[in-house]
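Predicted model only: the values in this text are computed from it and were never measured. In what follows, chains carry the letters A, B, and so on, assigned in the order in which the sequence lines appear, proteins first and then strands, with residues in each chain numbered from 1.
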Amino acid sequence: MLQIGFIKENKEKVIEGLKKRNLSDFANLDEVIQLDEKRKATQTELNTFQAESNQISKEIGMLYKQGKREEADVLKTKVTQGKERVKELENQMSDLSQKIENILLQIPNVPHSSVPPGTSEEDNEVFRAWPHALPELSETAKPHWELAKDHNLFSLELGTKIAGAGFPLYRGKGAKLQRALIAFFLDENTEAGYEEILPPHLVNEATARGTGQLPDKEGQMYYVTKDDLYLLPTAEVPVTNIYRDEILKEEDFPIMMTAYTPCFRREAGSYGAHVRGLNRVHQFDKVEIVRVELPENSYAALDGMLEHVAGILDKLELPYRILRLCGGDVSFASALTYDFEIWSAAQKRWLEVSSVSNFETFQSNRLKLRYRDGKKTELAHTLNGSSLALARIVAGLLENNQTPDGRIKIPKALQPYTRFEMI
RNA sequence: GGAGAAGUGGCAGAGCUGGUUUAAUGCACUAGUCUUGAAAACUAGCGUACUCGAAAGGGUACCGGGGGUUCGAAUCCCUCCUUCUCCGCCA
C-alpha cells in the first residue's frame, strides 16, 4: 500500500508508474487526495470538540468537589449537546478512513525506473542470458513426469487419492531428493548470513493482511474456517510478519532471514501441457529468503540476493537465465522483480524457479515496519526471493541430468545431501 | 476440554472504592554538569499515531483488541484474544 502523503507529493511520479503498468485511469488518485483533505478537516473539527468537552468535564469534576451541583448540571447539558456532534464526526472519520484505505489498496506499487515497459511476459527483459549453449538431449529424452514414473520418484495419482489433484506424493529417492534440496538450500542461505527460521505453517488474519494477501487475494489461500487461519502461500508471509508493528534501530540492519516451508496455493488456474507433472501444484516446497533493509541499502541488497541465487543454480549445474520483469508483469506489490528461469531440456522451455523482489515501502507501510532515523520514524524496505522453489528444480534436475540409458545423475554439490550419486 | 488468576510505556511496577493522574516510582536509554578519562552523583529529556502551526508550541486518540455505561473510564459492564497455575487428554 502506498502512503497517502507520498501520492500527494508525487502524483506525477505515481501516474507515470501506473502508466508503466499499462493503467490509464488515474481518477482515483484525485479522489483519494480529496478524501484525505476532507479527513484532515474533519479531524481538526473533531479534535476541537473533543478538547472542549474534555475541558468542561474537568470543570464539572471540580464543581462537584466544591459541592456546586447546580452549576455542574448546567454544564452537563451543554456537553451532552456537543457530544452528538462528536459522535457524528467520529462516524465521518471512520467512514472517510475506510474509503481512503479501500482506494489505496487498489493502487499498485510504483515500478522502479529500471523496469522495462511492456504488457506481458513476452516483454520481460533478459537481464542475464545463459552464456553457454543450451544442453541438447537425445530424441528419446523424457519429461520429468515420465522419468519419475520410471524410477518411482513421485506419484500424482496417490496424491490425488489421498488429498486431491495437485498434491504430489514423493517416495523413495524422490522423497530423499526433496529433503536433500531443502537442506542444501538452507545451508547455502545460512552460510551467506541468513538466519534460519522455522515458522508456523498457518497464519492469522492480521499476518495475511500485513503482507497483502488480504484483502483481495483470499482466493489463493486455503482457509481453515473453524479456527480462522490461513495455510501459507509462501514463507514470505510469516517471516516478514516477524517485524510487523516494530520500530527498529539502525544497528538492527541488515535483517536477513531464510525459511523452508511447504507452500499451499489454491490457484484456480489453467490445465494442460504447461501444468503437467510438477510444473504447477497446490502444495510445493520452497526455501525463501527475506530481507529488511534501510531504504538506501535496499537495491544493493537486491543485487546481493540475485548473485546469491545465481550462485546456487551454478552449484546445481542448471542452465538458467535472469529476467527483469516488465511493467505489465511485475507483481502488484513489487517495485522491481527479477525472475530466474531454468531451462528444461526435455520440455524445451524455461521454468520459473525463483522470483526476487524489492517491495520498497509498499509492504512495510502495511506492516508498520519502521526504523528510527534520528528523531523520526521511517518505513523500512522489505525484499524477498525464492532460494529456491523445489518442485520445478526437481523437474529440471531430472530432465537435464538424464543419461542415455535412462538414469539420472545427481549434481556433485547435492551428493553429500542425497547420499547417492545416481537415480 | 474443565477450573482459577492475570494482561499498564523498552523492562520492572503503582494506580483499578470513576474526577488536580498531565499514568507515580525504579531500572534502562539520550544529552549536559563534574572528571585527565570512566564510574558515581546531579540536572534535563525520554512512547506511538493523527492533526493545527512558518516556527516555537498546541490539540486529539491510545493502559491486550473491540463494544458499552457516564458530563467524565486504566479504573465499572459486555465480548473476544493472549499468558500463567491446576486438572483432563495427547505426539
Side-chain angles (χ1 to χ4, degrees), chain A residues 1-9 32-104 198-210 214-215 223-230 238 241-253 255 292 361 363-380:
Chain A
M1 193 164 67
L2 291 176
Q3 298 168 87
I4 180 70
F6 177 83
I7 294 175
K8 245 185 225 179
E9 284 162 36
V32 77
I33 290 171
Q34 263 179 28
L35 283 169
D36 191 58
E37 288 302 329
K38 204 166 164 195
R39 193 204 98 242
K40 278 189 187 182
T42 308
Q43 173 156 12
T44 305
E45 192 184 350
L46 171 63
N47 287 356
T48 311
F49 272 98
Q50 284 172 322
E52 203 174 292
S53 95
N54 283 349
Q55 184 55 40
I56 297 176
S57 291
K58 227 176 246 177
E59 284 172 34
I60 292 173
M62 247 132 63
L63 289 173
Y64 268 117
K65 246 182 195 163
Q66 296 164 15
K68 297 179 181 167
R69 264 221 123 86
E70 277 151 46
E71 281 179 55
D73 286 339
V74 174
L75 287 179
K76 257 196 210 179
T77 51
K78 193 177 164 194
V79 180
T80 311
Q81 283 163 13
K83 274 280 143 176
E84 273 170 46
R85 182 71 183 144
V86 167
K87 254 270 164 340
E88 212 174 287
L89 289 166
E90 273 174 350
N91 288 339
Q92 276 181 36
M93 276 295 283
S94 66
D95 187 48
L96 285 166
S97 306
Q98 192 59 55
K99 277 184 182 155
I100 289 167
E101 180 168 327
N102 286 345
I103 293 174
L104 289 179
L198 182 59
H201 294 173
L202 280 79
V203 298
N204 59 29
E205 190 188 319
T207 298
R209 238 165 230 293
L214 292 178
Y223 177 46
V224 183
T225 48
K226 197 160 188 179
D227 299 289
D228 209 12
L229 293 167
Y230 297 86
N241 268 278
I242 291 172
Y243 290 95
R244 167 159 49 91
D245 262 317
E246 294 285 337
I247 299 176
L248 301 163
K249 299 188 203 85
E250 290 209 26
E251 58 263 34
D252 293 332
F253 297 94
I255 291 167
V292 182
T361 60
Q363 281 187 329
S364 57
N365 186 29
R366 212 56 192 308
L367 290 159
K368 296 206 188 85
L369 198 185
R370 295 150 292 170
Y371 68 96
R372 199 172 295 285
D373 182 17
K375 217 150 173 46
K376 283 187 303 182
T377 62
E378 298 284 348
L379 295 174

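At the phosphate of B/G47, neither OP1 nor OP2 sits under 4.0 Å from any side-chain N or O atom of A/R372. A/K83 has a side-chain polar atom (N or O) that falls below the 4.0 Å cut-off from OP1 or OP2 of B/G72. At B/G58, none of the side-chain N or O atoms of A/N47 fall inside 4.0 Å of OP1 or OP2 (strictly under the cut-off).
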With side chain to side chain donor-acceptor pair (under 3.5 Å) as the criterion, how do A/N54 and A/S57 come out once you've worked through the C-alpha distance, each side chain's angles and the decisive distance to 0.1 Å? CA-CA 5 Å; A/N54 283 349; A/S57 291; 5.6 Å; no
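One interatomic measurement links the two molecules: CE of A/M93 to P of B/C50, which rounds to 11 Å at whole-angstrom precision. A straight line from CD of A/E205 to P of B/G66 spans 14 Å, rounded to a whole angstrom. A/R244 places its CZ atom 20 Å from the P atom of B/U48, with the value rounded to the nearest Å. To the nearest angstrom, P of B/A61 lies 16 Å from CG of A/N91. At whole-Å resolution of the value, NZ in A/K368 and C1' in B/A49 are 9 Å apart. In this entry the distance linking CG of A/D245 with C1' of B/G47 reads 14 Å, nearest Å. The interatomic distance linking A/I56 (CD1) with B/U20 (P) rounds to 17 Å, in whole Å.
Which of B/U60, B/C71, B/U51 sits closest to the side chain of A/N54 comes down to B/U60. When distances run from any side-chain atom of A/K58 to the nucleotides B/U22, B/U51, B/C71, the shortest one goes to B/U22. Comparing atom distances between the A/Q50 side chain and each of B/A61, B/C71, B/U48 picks out B/A61 as nearest. In the set B/C52, B/G72, B/A61, the nucleotide with an atom closest to the side chain of A/T44 is B/C52.
B/C11 is paired with B/G26 under the Watson-Crick or G-U wobble criterion, all donor-acceptor distances under 3.5 Å. In this structure, B/A74 forms no base pair with any nucleotide, since neither Watson-Crick nor G-U wobble geometry is met with both distances under 3.5 Å. Base pairing annotation: B/C84 forms a Watson-Crick or G-U wobble pair with B/G4, both donor-acceptor distances under 3.5 Å. Across the strands present, B/C42 finds its partner in B/G32; the criterion is a Watson-Crick or G-U wobble pair with both atom distances under 3.5 angstrom. Figure legend. B/C50 is base-paired to B/G59; pairs are counted as Watson-Crick or G-U wobble with both atom distances under 3.5 Å. Shown here, B/C90 forms no base pair; nothing in the strands shown gives a Watson-Crick or G-U wobble contact with both key distances under 3.5 Å.
Across all strands shown, A/I60 has heavy atoms under 4.0 Å from base atoms, whether or not it also approaches the sugar-phosphate. Counting any heavy atom pair closer than 4.0 Å across all strands shown, A/Q43 reaches a base atom. When heavy atoms are screened at a 4.0 angstrom cut-off, A/T377 is found touching the sugar-phosphate backbone but no base atom. Contacts of A/L46 with the nucleic acid, taken as non-hydrogen atoms under 4.0 Å apart, are absent. Here A/D73 lies out of heavy-atom contact (under 4.0 Å) with every strand.
Annotation: A/K8, atom NZ; neighbour count of heavy atoms from other residues, nucleotides and ligands within 6.0 Å is above 12.
Taking atom C1' in both B/U35 and B/U21, one finds a spacing of 40 Å when rounded to whole Å. If you take atom P in B/G64 and the same atom in B/A23, they sit 15 Å apart, rounded to whole Å. The same atom, C1', is picked in B/G7 and in B/C11; the two are 15 Å apart, to the nearest Å. B/G10 and B/C46 have their C1' atoms separated by 11 Å, given to the nearest Å. Of the P atoms belonging to B/G67 and B/G15, the separation is 28 Å, rounded to the nearest Å. When the P atom is compared between B/U25 and B/A44, the two are found 12 Å apart, to the nearest whole Å. For the C1' atoms, the distance linking B/A24 with B/U75 amounts to 15 Å, nearest Å. The gap from the P atom of B/A91 to that of B/A3 amounts to 25 Å, rounded to the nearest Å.
Map A/T48 and A/G61 each onto its nearest nucleotide of RNA chain B; the residue landing nearer the 5' end is A/G61. If A/Y64 and A/K76 are placed on RNA chain B by their nearest nucleotide, the residue sitting closer to the 5' end is A/Y64.
The minimum heavy-atom distance between A/I242 and A/E246, with the atom names listed, is O-CG, 4.2 Å.
Looking only at atom types and distance, the side chain of A/D228 has a donor-acceptor partner in the side chain of A/Y223 under 3.5 Å away.
Judged by distance alone, the side chain of A/R85 and the main-chain N or O of A/F49 form no donor-acceptor pair under 3.5 Å. With hydrogens and angles ignored, the 3.5 Å screen pairs no side-chain donor or acceptor of A/D373 with any backbone N or O of A/E378. When atom types are taken as modelled, the side chain of A/T361 and the backbone of A/L379 share no donor-acceptor pair closer than 3.5 angstrom.
Taking CG of A/N365 as the reference point, atom CE of A/M1 lies at 5.0 Å (rounded to 0.5 Å).
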